[in-house]
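Heavy atoms only: backbone and side chains are in, while hydrogens, waters and symmetry mates are out.
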Protein chains: 2
Amino acid sequence: MLKKYTIRDIANLAGVSKGTVDRVLHHRGKVSETALKKVNDILDKIDFKPNLIAKNLKNNKVYRICVLLPDPKKDVYWEPCISGINTVISELGAFGVNIETVLFNPTQTKSFLDANAQIQRSMPDAVLLVPLFFKEALIVMETYEALGIKVSTFNNRIASEAAKSFIGQDLFQSGRVGAKLLQSLVNEGDIAILHVSEKYKNAVFMQEKEKGFISFFNDLDSPNYNLLKHKLKDLDFETSLKNFIAEHPHLKGIFVTTSKTHQVATIIQKLTPKKIALVGYDLLTENIAYLKKGTIDFLIHQHPKQQAYLGLKLLVEHFIFEKEIPTQLLLPIDIINSENITLSARD
Amino acid sequence: MLKKYTIRDIANLAGVSKGTVDRVLHHRGKVSETALKKVNDILDKIDFKPNLIAKNLKNNKVYRICVLLPDPKKDVYWEPCISGINTVISELGAFGVNIETVLFNPTQTKSFLDANAQIQRSMPDAVLLVPLFFKEALIVMETYEALGIKVSTFNNRIASEAAKSFIGQDLFQSGRVGAKLLQSLVNEGDIAILHVSEKYKNAVFMQEKEKGFISFFNDLDSPNYNLLKHKLKDLDFETSLKNFIAEHPHLKGIFVTTSKTHQVATIIQKLTPKKIALVGYDLLTENIAYLKKGTIDFLIHQHPKQQAYLGLKLLVEHFIFEKEIPTQLLLPIDIINSENITLSARD
DNA sequence: TTTTTTTGTGTGTTCGAGCACATTTTATCT
DNA sequence: AGATAAAATGTGCTCGAACACACAAAAAAA
């Protein structure tokens, strides 16, 4: 138990050489049945864990991993991802991994394609990317596949076999969480789901949240609530929202499906004397301010930092310690209010 | 950048031997100023990260770490800790650490003292423990200090210099989160904080939560709410609670400071036709059942698994990779409702 | 000037697993 | 039986950092 067995120990115990033990362990064949049995008998008796340290000493390759994500300058939502990547570098950089971050403009598909082409030319061992543009991502991932470059995705799920691994949230369930929170806040009246459509198309992801949101109230089947739905464009944002609110005097709660929740909060705070419950997404500075003020009641945390951190860490550990990469890793859907924000803002 | 520098590389670049480089790196002295400068010049130029793998190969010591926690058979709250410990074993066991779990009876201080005495006789390199009994824990930790055994604590914070490291929740803030949740659920009326006193004394920890709870409503300073406080003993639990509820017809919300929330739920569900909002602690099976049924509105997750996992992992990495152990690590205060429970139950 | 001490430098071995290669043993064929 | 092929087994080197030890050069003492 206290002893740390080595291949040599096993060889001595079995009365064979370490070469033979090695062949047994790796099923390399060229072992007589008698020797095989002798070694296996010992292996059954003791708990042999090959020393990971020695195992990797020989392999002095530097693995190269690229991370591709939207430029945080264009959308601050991605800001924490950078810090997640840096955490991995500081934790695992000494094991011989080279991590490069590549950014693309989330408003332009071309930027996404260009960045991928650039990465593919440099031929890294693996790529962790945000497949923001559905169609383009599919094509890009096939190219990676053909080049023998491993691909993991995070934040946005792509239903495709090319996507070997995904780290992120279950958006359907996330929508249900939002619904449940509104039910906690509002006893009866109109409840609206609001899509703030951003410049880039991530309609698929907003739809998933909507499905979950609606499914919750369907399951609830209560006469107290009346569901509404509304889309907001960046252009006529303010007037459109004001009109919507004016048209629905019984509006008691709003669920915003994107991180632009603060834009809605700005209006609600100004416009109405009577309280409308507001649930939205992501810990942007503006959102946090409204959360603390009380305009936003709950925020759902999508863990951008954690997503990048875990996705990258899994890739690194795959190369260094030969760990398996799970096909999908769904992160918990964190509910944030004004009181647990300080402790959650870190990641 | 792509090159992974070794000590040998640096030696060649500086025109000295690897022994000299080693002496410079470890400040072992016995290096002439000329040689020191030559080596440092190279070190400034390149980004040298000593290979952690090779570094530990030589050090083939098996570190022994004991984990001491209450027996999950006596209180299921601790059940997930075991799985957290096992995760560390499977993740880091191959690096040469021996982890032993020792259980004590949370209803008996003697059991705690006995278990510690047993651990101290076996002289491990470090101990991770739950300092459930304040006074006894202080004494015990001094003994560990004297024996040169590193101690980390989790779940319960002990205000003492002997506690080098703590992993757990900020209980004061946790009480504030509970208060905020009740405020979200209830618009006006009586709101009660309920202590279900368990057999063992953890009064200190319940008090912290209470302070936070009260501080929130003090800060709010709203005439809509009226705070109540009540203690429940295991013996006359049911009658006492029923009486309390009967005495306060305007009771609209209850905050239970322990994992025994389900006991309160049982009564609330039976007794009252009109809804009383209920916020409590921990993802016990019974609590989860009431959460899904709607009797419990929110549960605060104390992350028992994560606490044990992180506490142990930090100790292991301290020995294996010489990482610093933080003096305290406060885990996020997770809010759980019926919809995000499935994804959070895992840890 | 010679001997002793101090200080600086380089060399060689170790750790455990992996794998190439050498060597021994066993089986097959003339 | 002897030659040869095939299978089984053992040996020895590698990886990078750490450290003991040997040895050289310079400084101090005789």
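Classification of Arg28(B) and Asp22(B) as a salt-bridged pair holds, one side-chain N sitting under 4.0 Å from a carboxylate O. Taking 4.0 Å as the cut-off between side-chain N and carboxylate O, Lys45(B) and Asp41(B) do not count as a salt-bridged pair.
Nearest nucleotide to the Ile7(A) side chain, out of dT9(D), dG8(C), dG18(C): dG18(C).
Remark: P of dA17(C) and CG of Asp9(A) are 8 Å apart, rounded to the nearest angstrom. Following rounding to the nearest Å, Arg8(A) (CZ) and dC13(D) (C1') show an atom-to-atom distance of 13 Å. One can place CD1 of Ile10(A) at 14 Å from C1' of dG18(C), the figure rounded to the nearest angstrom. Regarding Lys30(A), its NZ atom lies at a distance of 9 Å from the C1' atom of dA6(D), rounded to whole Å. A straight line from CD1 of Ile320(A) to P of dG16(D) spans 14 Å, rounded to a whole angstrom. Rounding to whole angstrom units, CD of residue Glu33(B) and P of dT9(C) are separated by 11 Å.
Counting only N and O atoms by type, the side chains of Ser83(A) and Asn86(A) include no donor and acceptor under 3.5 Å apart.
Checking the phosphate oxygens (OP1, OP2) of dG10(D), a side-chain nitrogen or oxygen of Thr20(A) falls inside 4.0 Å. Applying the 4.0 Å criterion to OP1 and OP2 of dG16(D), one finds that Thr6(B) has every side-chain N and O outside that range.
By the side-chain hydrogen bond (donor to acceptor under 3.5 Å, both in side chains) test, Arg8(A) pairs with no residue at all, sequence neighbours left out. Applying the salt bridge (Lys or Arg N to Asp or Glu O under 4.0 Å) criterion to Lys30(A), with sequence neighbours excluded, gives no partner residue.
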Protein-proximity profile, nucleotides 19-25 of chain D, B/S/- by nucleotide at the 4.0 Å heavy-atom cutoff, equals B------

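Closest-nucleotide positions on DNA chain D for Phe48(B) and Leu36(A) were compared, and the one nearer the 5' end corresponds to Leu36(A).
Checked against the 6.0 Å centroid criterion, the rings of Phe104(A) and Phe112(A) qualify as a close aromatic pair.
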